[in-house]
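Each remark here refers to the structure printed beneath this line.
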Amino acid sequence: MPDDLAELVNNPSETLAAEYKAQLDVSDNVSKAKFARHVAALANYGGGYLVFGFNDDLTKAAVTEFPGVDRDAVAGVVKSYLDPAFQCDVRVVVGESGARHTLVVVPSHGPLPICAKRDGPQDAKGRSQGIKSGTYYIRKPGPASEPILTPIEWAPLLRRCVLAERAAILGAIDMALKGERSEDAIETGLRRWHEVLLQSYRERLASAGREQALANGYTQFSFAVHHSGGGVANDDLLRVVERCNAEADAITRMHWGPFPVIHRDPKTPRFRTVSDLDNGECEFLEASLILEEIGNRSMWRVSGDGFGSLIKGWREDSPSFRKEPQSCLSPLWLSTDVASCVLFARAFANNFEAATAVTFRCEWTGLKNRKPFDHDTRVSLNGHPAQDEGRISHKTISLAELNSGWEIPAAALIGPVARAVGASDLLTAERLTRRAAGWMQRD
């Protein structure tokens, strides 16, 4: 966890960039309206933090962690009350006392200032509570989140807007002049990443004497971030991967991320290069769990330039499932796996200052004769055995769309394999939303 976030919890001190609150009730409209006002003011200030679990006198409150205040809940409040909408990050910071505090990281506004687009709930006298439509809020001494009232208060906000617009224009010009990350180039690079990892996976399984695992088929998920600026520094890459795993797991609750990190040799992630990627000039982080005695053996790679790929065997074919290999497909496992990878890619892309979109490529092989099966009740579901050996799906999704909701993109990527087994009705965006509610209740 970055030192500055830990400092906010260990040494609480309200400043113009940090607002401390005892709680946030996402089921209460007045509470949400007040929260939206603080978020708008912090964004217009240039970014800041909302830290929960502290009383007005900055002593630790009785409750410090609020699982309901997750990224999607915060995005819903922002989208409902503020314009233009933007994405906040949600973290859980463990203080020196051992208390786990929910913390919302508010980014700076972009080329446009943030405005309230609707009123808060009315009180008994018909007055808006928490926030007022058409108002621009900033942070003022106190500290407090209050409306802009004078030209002097507008000056720093407008200056940042001009600088943000200038940076966006220069970035677009730079991207156009370089022409190095066009959509076609990204698609080609992603396909290459996908294929090179598959080849390495085949070689690793063969050298381990486990060719049968490959014969049963595999699932592979790859992504590439569209960006015009710099990437993630190699020195920060492992920490970013761990944080993105945590953000994905905050929703899927699998107790491990899709790109698992194990700090134990020989499973510890390592930096590598291969001649098949940029003539050996592409340095990436790699981890292999192929030598695991149990589970669906996996291998993954992630680069600071925005590429990632994960390949693994079917969970349904593991000995603990006690079913014939290549006979079952669990819609629940399928939805969890794809959702967690989409969530990881979204979190990873948000580490790039100039990211605009993510291109995904998903592949399933060993699909023939698999049919929908509920791994909990061990009964067959409506659908039919797949007739084709494999399916591939690929899609480019804007980062704004990913940040506003992961369910529709995930359902689109699942679509080809869901249709192959006649389970489309079990894997819609609406079904994923309902399933996510169940995931959040896992221990």
Side-chain angles (χ1 to χ4, degrees), residues 194 198 201 205 210-222 248 251-254 256 258 260 289 292 294-300 309-344 360-395 406-436 438-439 442:
H194 192 90
L198 172 58
Y201 184 69
L205 285 175
R210 293 178 174 173
E211 294 88 344
Q212 183 57 43
L214 190 61
N216 291 337
Y218 59 85
T219 65
Q220 187 172 2
F221 178 94
S222 303
I251 293 176
T252 59
R253 299 295 176 92
M254 297 173 64
W256 63 85
L289 301 180
E292 288 287 275
I294 59 175
N296 53 328
R297 303 174 182 94
S298 65
M299 182 176 178
W300 61 259
S309 189
L310 162 71
I311 187 169
K312 59 184 179 179
W314 288 81
R315 277 200 274 176
E316 292 85 337
D317 292 348
S318 62
S320 60
F321 196 56
R322 299 178 182 176
K323 297 290 291 186
E324 286 295 319
Q326 293 184 286
S327 65
C328 299
L329 182 150
S330 167
L332 176 59
W333 284 350
L334 174 63
S335 59
T336 305
D337 286 346
V338 174
S340 66
C341 288
V342 169
L343 289 164
F344 180 96
F360 296 94
R361 182 178 180 84
C362 302
E363 181 176 8
W364 294 268
T365 69
L367 188 60
K368 188 173 183 180
N369 295 324
R370 293 184 187 273
K371 56 186 178 181
F373 191 84
D374 189 318
H375 76 283
D376 284 332
T377 61
R378 301 300 176 95
V379 298
S380 296
L381 301 172
N382 291 335
H384 53 70
Q387 294 184 330
D388 299 322
E389 184 61 28
R391 281 288 190 273
I392 294 176
S393 69
H394 52 83
K395 188 174 180 65
W406 57 270
E407 295 91 340
I408 293 177
L413 291 170
I414 293 172
V417 70
R419 291 187 290 272
V421 296
S424 296
D425 59 325
L426 301 176
L427 294 161
T428 63
E430 292 75 17
R431 284 291 189 109
L432 292 182
T433 300
R434 290 200 293 270
R435 280 194 175 132
W439 296 337
R442 293 174 180 169

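All values below come from the heavy atoms of this structure, side chains included, with hydrogens, waters and symmetry mates left out.
- With rounding to the nearest 0.5 Å, the separation of CD in E324 from CG in N369 is 12.0 Å.
- Between V338 and L432 there is no side-chain heavy-atom pair separated by less than 4.5 Å.
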Next item on the list: Using the side-chain contact (heavy atoms from CB on, under 4.5 Å) rule, take L289 and W300 through it: C-alpha gap first, then chi angles, then the decisive distance, then the call.
Entry: CA-CA 9 Å; L289 301 180; W300 61 259; over 6 Å; no

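- Looking at every heavy atom in both residues, E389 comes nearest to K368 through OE1-CB, 3.5 Å.
- Side chain of W406 to main chain of A339: no donor-acceptor pair is present (N/O by atom type, distance under 3.5 Å, no hydrogens or angles).
- Not one N or O on the side chain of S309 forms a donor-acceptor pair closer than 3.5 Å with the backbone of S222.
- For the atom pair CG of L413 and OG of S393, the computed distance is 4.5 Å after rounding to the nearest 0.5 Å.
- With E316 contributing its side chain and S330 its backbone, the two residues share a donor-acceptor pair below 3.5 Å.
- Residues D337 and R315 come closest through the heavy atom pair OD1-NH2, 3.0 Å.
- Atom CH2 of W333 sits about 9.5 Å away from atom CZ of F373, to the nearest 0.5 Å.
- Within the model, atoms CG of L367 and CD of Q387 stand 11.0 Å from one another, a figure rounded to the nearest 0.5 Å.
- For the residue pair G313 and T219, the shortest heavy atom distance occurs at O-OG1, 4.5 Å.
- Evaluation of the salt bridge (Lys or Arg N to Asp or Glu O under 4.0 Å) rule for R361 yields no partner, not counting sequence neighbours.
- The two residues R435 and L426 come nearest to each other via the heavy atoms NH1-O, 3.0 Å.
- Under 4.0 Å is where a charged nitrogen must lie from a carboxylate oxygen, and between D317 and R370 at least one such pair does.
- Counting all heavy atoms, side chain and backbone alike, P258 lies closest to F344 at CG-CB, 3.7 Å.
- Note: Y218 and Y201 have perpendicular aromatic rings, judged against thresholds of 30 and 60 degrees for the angle between ring planes.
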Next item on the list: Before giving the answer on side-chain contact (heavy atoms from CB on, under 4.5 Å), spell out for V417 and L329 the whole-Å C-alpha distance, their side-chain angles and the decisive distance to 0.1 Å.
Entry: CA-CA 10 Å; V417 70; L329 182 150; 4.0 Å; yes

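- For the atom pair CD of Q220 and CD1 of I392, the computed distance is 9.5 Å after rounding to the nearest 0.5 Å.
- With rounding to the nearest 0.5 Å, the separation of CZ in R391 from OG1 in T365 is 13.0 Å.
- A pairwise comparison of heavy atoms in W364 and L334 identifies NE1-CD1, 3.5 Å as the closest pair.
- No donor-acceptor pair under 3.5 Å is formed between the side chain of T428 and the backbone N or O of S424.
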